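Remember, predicted model here, so these are calculated numbers, not experimental data.
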Amino acid sequence: MQEGAWQVVWIDASNCEVLDNVMAGVFDEPIRADRLKRYLANPLNWMALAVEDGLVIGQCMCVVHHHPDKDTELYLDEIGTGDDARRRGVAQSLMEAVFDRADKAGIEEIWLGTEPDNVAARGLYEKTGAVAEPAMIYYLEW
């Protein structure tokens, strides 16, 4: 899929070497090979990258959730754009790729969470027609 000057690419074990060249800010921390291998080994984990001239400028990671009592849904876990690639439509193109793949997989619901003060992310999500709902998030520690 071509979007602007970048391509959106779905990543799996066969093409993950593209992650050797990532713009600062795309991920929260450096990628560890062992974690990447484990992530990609699970077919329920989806990773789309925006790649421009061999450089990863954006990423979106999702998890497919199958349930015994309701339809399959998709959790949009992470979306990130490189520091020098923001405000160009990269994240929007990644979300559109997710919507397309979810449609093809028969998934009708995608959900995500963000911080109330993350104005840029909220604007992106609301641009798709999403409406924020009140929710509580708990981080369990043991």
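- With values rounded to the nearest 0.5 angstrom, D34 atom CG is found 4.0 Å from R32 atom CZ.
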Could you pull out all donor-acceptor pairs under 3.5 Å where a side-chain atom in residues 126-142 meets a protein atom, sequence neighbours excluded?
| from | atom 1 | to | atom 2 | distance (Å) |
| --- | --- | --- | --- | --- |
| K127 | NZ | Q92 | OE1 | 3.2 |
| T128 | OG1 | Y125 | O | 2.5 |
| T128 | OG1 | A130 | N | 3.4 |

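- The CD1 atom of I110 sits 7.0 Å away from the CG atom of L76 when rounded to the nearest 0.5 Å.
- Under the rule for a side-chain hydrogen bond (donor to acceptor under 3.5 Å, both in side chains), R35 has no partner lying at least two apart in sequence or in another chain.
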Expected list for residues 13-27: side-chain donor-acceptor pairs under 3.5 angstrom, two or more places apart:
| from | atom 1 | to | atom 2 | distance (Å) |
| --- | --- | --- | --- | --- |
| S14 | OG | D12 | OD1 | 2.5 |
| N15 | OD1 | D12 | N | 2.8 |
| N15 | ND2 | W10 | O | 3.0 |
| N21 | ND2 | G54 | O | 3.1 |

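- Rounding to the nearest 0.5 Å gives a distance of 8.5 Å between CG of L112 and CD1 of I79.
- With sequence neighbours left out, the side-chain contact (heavy atoms from CB on, under 4.5 Å) criterion links N42 to L44, N45.
- Closest heavy-atom contact between W46 and A105: CH2-CB, 4.2 Å.
- Within the structure, the ring pair (Phe, Tyr, Trp, His ring centres under 6.0 Å) test picks out no pair touching residues 78-108 (sequence neighbours left out).
- Looking at residues two or more places apart in sequence or on another chain, you find no side-chain hydrogen bond (donor to acceptor under 3.5 Å, both in side chains) involving D28.
- Partners of D84 under the salt bridge (Lys or Arg N to Asp or Glu O under 4.0 Å) rule, at least two apart in sequence or in another chain, do not exist in this structure.
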Kindly list each side-chain donor-acceptor pair under 3.5 angstrom involving residues 61-71, sequence neighbours excluded, with atom names and distances?
| from | atom 1 | to | atom 2 | distance (Å) |
| --- | --- | --- | --- | --- |
| H66 | ND1 | T72 | OG1 | 2.9 |
| H67 | NE2 | E73 | OE2 | 3.0 |

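- In plain terms, the two heavy atoms of R88 and W6 that are nearest each other are O-CH2, 3.2 Å.
- Between A97 and V8, the shortest heavy-atom contact is CB-CG1, 3.6 Å.
- Every residue two or more places apart in sequence or in another chain was checked for a side-chain contact (heavy atoms from CB on, under 4.5 Å) with R87, and none qualifies.
- Residues that satisfy the side-chain hydrogen bond (donor to acceptor under 3.5 Å, both in side chains) test with R38, not counting sequence neighbours, are absent from this structure.
- V90 and S93 make their closest contact through O-OG, 2.8 Å (heavy atoms, listed as atom of the first residue, atom of the second, distance).
- Residues that satisfy the salt bridge (Lys or Arg N to Asp or Glu O under 4.0 Å) test with D103, not counting sequence neighbours, are absent from this structure.
- The stretch residues 69-89 participates, sequence neighbours left out, in these ring pair (Phe, Tyr, Trp, His ring centres under 6.0 Å) pairs: Y75-W111.
- Put simply, CE on M47 and CG on D77 are 10.0 Å apart, with the number rounded to the nearest 0.5 Å.
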